[in-house]
Amino acid sequence: MPVVLDPDAAAVYKAFLEAGRPPYERLTAAEARESYSQARLVVSPEPPELARVEQLAIPAPHGAIPARLYVPKRLRERNGLSPALVFFHGGGWVIGDLDTHDVACRKLADAGELIVISVDYRLAPEHKFPAAVDDAIAATQWVADNARQLGIDASRLCVGGDSAGGNLAAVVAIAARDGNGPALSGQVLIYPAVDFAMTHRSHSEPETSVLLTHSVIRWFRDHYLNGAADTHDWRASPARASTLVGLPPAYVLTAGADPLRDEGCDYAARLKQAGVGVAYRHFPGQFHGFFTMGRLLQQADVAASEIGTWLKTLN
């Protein structure tokens, strides 16, 4: 599929190439995390002002899961309780944290007029699959169990995330449907990774190997999974779930210059075929990762606004 980057995306990509930053696959996990964290300082936009931001510690068998709660100035309250989005950050299950996605969560809270809880799940390779899945499921259940104390209406609880976080959100939605979690009212899947088989055409097209390159995806995969057998586990590849029937409504976003483009598109189509309400949005001139680059890419603001509008339609 021919891909023509939007002018601002092309400029960002050109600047990235000229900067000569070493690719993640040449770094240790710790070095990659630091590199990613520093890059966020350059591309993240000014955040909207919120009413309140709080640190949380979610209890789990291995110890507390760090999390951050965002309360916007305008909330869609009903009987004193508000809808909420449990958010899982991207970063290939290896990099990323609460700070790298802080502005994105603030924007989603403001645009959706709802509470956002960002979850700092355990990262690979120190904690391989399914540690991140276990943390995502545990955190979502804890939010539901403690909803009233958090000012949240448990009947209006959504999950979401970008990239690896979109993967976790999709997995949590399936687990919740099957009884391992609370009832969910929606799922926000921002260029999600849903199939580790990586056989879709966009995984081999040269024009999709932009920032998130084909080689760095394999580096993330090898850090996260224990071996080839994990590829077939739906908790790693939610597209491998036996059925998608009965899942909550989904907003699925894809980007043109993204190795994950086709699997995201296919997942949205399969959700729709399964009777799930789907809002599918494709940004043909953007690359993977653009959603968190609002300082440089205007389409990031468009996406955040549209997701907020969609969340308002749920409840």
Side-chain angles (χ1 to χ4, degrees), residues 3-47 88-105 107 118 120-121 123-127 132 161-167 190-193 198 202-225 253-261 264 283-301 303-304:
V3 176
V4 178
L5 290 176
D6 292 342
D8 56 357
V12 170
Y13 183 46
K14 180 174 183 288
F16 174 83
L17 293 176
E18 291 174 346
R21 296 166 62 89
Y24 290 140
E25 59 265 39
R26 294 184 190 171
L27 304 176
T28 66
E31 290 169 340
R33 289 169 194 152
E34 178 61 23
S35 177
Y36 184 60
S37 181
Q38 290 301 315
R40 292 300 103 192
L41 301 176
V42 178
V43 300
S44 293
E46 289 299 314
F88 309 108
H89 67 77
W93 306 270
V94 177
I95 61 179
D97 55 31
L98 297 179
D99 292 334
T100 61
H101 285 66
D102 179 75
V103 175
C105 288
K107 290 177 72 67
S118 182
D120 203 12
Y121 55 88
L123 298 177
E126 297 89 344
H127 305 284
D162 64 318
S163 193
N167 167 282
I190 302 169
Y191 33 72
M198 300 192 300
S202 57
H203 276 285
S204 58
E205 294 174 339
E207 55 264 49
T208 62
S209 195
V210 177
L211 296 191
L212 180 67
T213 61
H214 300 151
S215 57
V216 81
I217 285 183
R218 293 190 290 271
W219 185 80
F220 284 140
R221 175 199 63 193
D222 295 344
H223 275 64
Y224 181 51
L225 300 185
L253 180 155
T254 57
D258 182 358
L260 304 180
R261 180 195 67 216
F283 287 81
Q286 294 296 317
F287 48 66
H288 187 94
F290 83 92
F291 182 72
T292 55
M293 299 185 181
R295 183 185 295 273
L296 306 176
L297 301 174
Q298 186 264 344
Q299 292 295 295
D301 292 331

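Values below: every heavy atom of this structure, side chains too, minus hydrogens, waters and symmetry copies.
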Enquirer: Taking all non-hydrogen atoms of both residues into account, name the closest pair between G256 and V3 and its distance.
Expert: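 Minimum heavy-atom separation between G256 and V3: O-CG2, 3.5 Å.
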
Enquirer: Test your reading of the model: is there a side-chain donor-acceptor pair from R261 to the backbone of T254, 3.5 Å cut-off?
Expert: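 Between the backbone of T254 and the side chain of R261 there is no qualifying donor-acceptor contact (under 3.5 Å).
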
Enquirer: Within the distance-only criterion (no hydrogens, no angle test), does the side chain of Y36 pair as donor or acceptor with the backbone N or O of T100 below 3.5 angstrom?
Expert: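 No, the answer is negative, given that no donor and acceptor are paired below the 3.5 Å cut-off.
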
Enquirer: Say you draw a straight line from CH2 of W93 to OG of S163; how long is it, rounded to the nearest 0.5 Å?
Expert: 6.5 Å

Enquirer: Apply side-chain contact (heavy atoms from CB on, under 4.5 Å) to the pair V103 and T292, showing each step before the final yes or no.
Expert: CA-CA 8 Å; V103 175; T292 55; over 6 Å; no

Enquirer: Compute the centroid of each ring, for F291 and then for Y191, and state whether the two points are separated by less than 6.0 Å.
Expert: no

Enquirer: Would you say H288 and I217 make side-chain contact, with heavy atoms under 4.5 Å?
Expert: no

Enquirer: Taking atom OG1 of T213 and atom CZ of F287, what is their separation to the nearest 0.5 Å?
Expert: 13.5 Å

Enquirer: Provide the closest heavy-atom pair for Y121 versus F88 in the form atom of the first, atom of the second, distance.
Expert: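 For Y121 versus F88, the nearest heavy atoms are CE2-CB, 4.2 Å.
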
Enquirer: Drop me the distance from I95's CD1 to H223's NE2, to the nearest 0.5 angstrom.
Expert: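 Rounded to the nearest 0.5 Å, the CD1-NE2 separation comes to 10.5 Å.
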
Enquirer: Check A32 against W219 and note the closest heavy-atom contact, atom names and distance.
Expert: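 So the two residues come closest at CB-CH2, 3.8 Å.
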
Enquirer: Could you walk me through whether V94 and Y24 pass the side-chain contact (heavy atoms from CB on, under 4.5 Å) check?
Expert: CA-CA 10 Å; V94 177; Y24 290 140; over 6 Å; no

Enquirer: Who pairs with H101 by ring pair (Phe, Tyr, Trp, His ring centres under 6.0 Å), at least two apart in sequence or on another chain?
Expert: H89

Enquirer: Could you check whether any side-chain heavy atom of Q38 comes within less than 4.5 Å of a side-chain heavy atom of S35, counting everything from C-beta outward?
Expert: no

Enquirer: Can you check whether L253 reaches F283 side chain to side chain, under 4.5 Å on heavy atoms?
Expert: yes

Enquirer: Whether the side chain of T208 engages the backbone of D258 through a donor-acceptor N/O pair (distance < 3.5 Å, no angle test) should be reported.
Expert: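 Not at all, since once roles are kept as given, no pair shorter than 3.5 Å links the two residues.
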
Enquirer: Minimum heavy-atom separation for S209 to H214, with atom names?
Expert: OG-N, 3.1 Å

Enquirer: Has the side chain of R295 got a donor or acceptor atom that lies under 3.5 Å from a matching backbone atom of S44?
Expert: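 Yes; at least one donor-acceptor contact below 3.5 Å.
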
Enquirer: Please collect all salt bridge (Lys or Arg N to Asp or Glu O under 4.0 Å) contacts where either partner lies in residues 19-41, sequence neighbours excluded, each pair once.
Expert: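 Sorted result for residues 19-41: R33-E126.
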
Enquirer: How close do P22 and L27 get, counting heavy atoms only, and between which atoms?
Expert: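 Distance-wise, the nearest heavy atoms are CG-CD2, 4.0 Å.
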
Enquirer: Show me the donor-acceptor pairs, under 3.5 Å and distance only, between side chains in residues 5-17 and residues at least two apart or in other chains.
Expert:
{"from": "D6", "atom 1": "OD2", "to": "Q286", "atom 2": "NE2", "distance (Å)": "2.8"}
{"from": "D8", "atom 1": "OD2", "to": "Q298", "atom 2": "N", "distance (Å)": "3.4"}
{"from": "K14", "atom 1": "NZ", "to": "E18", "atom 2": "OE2", "distance (Å)": "2.6"}

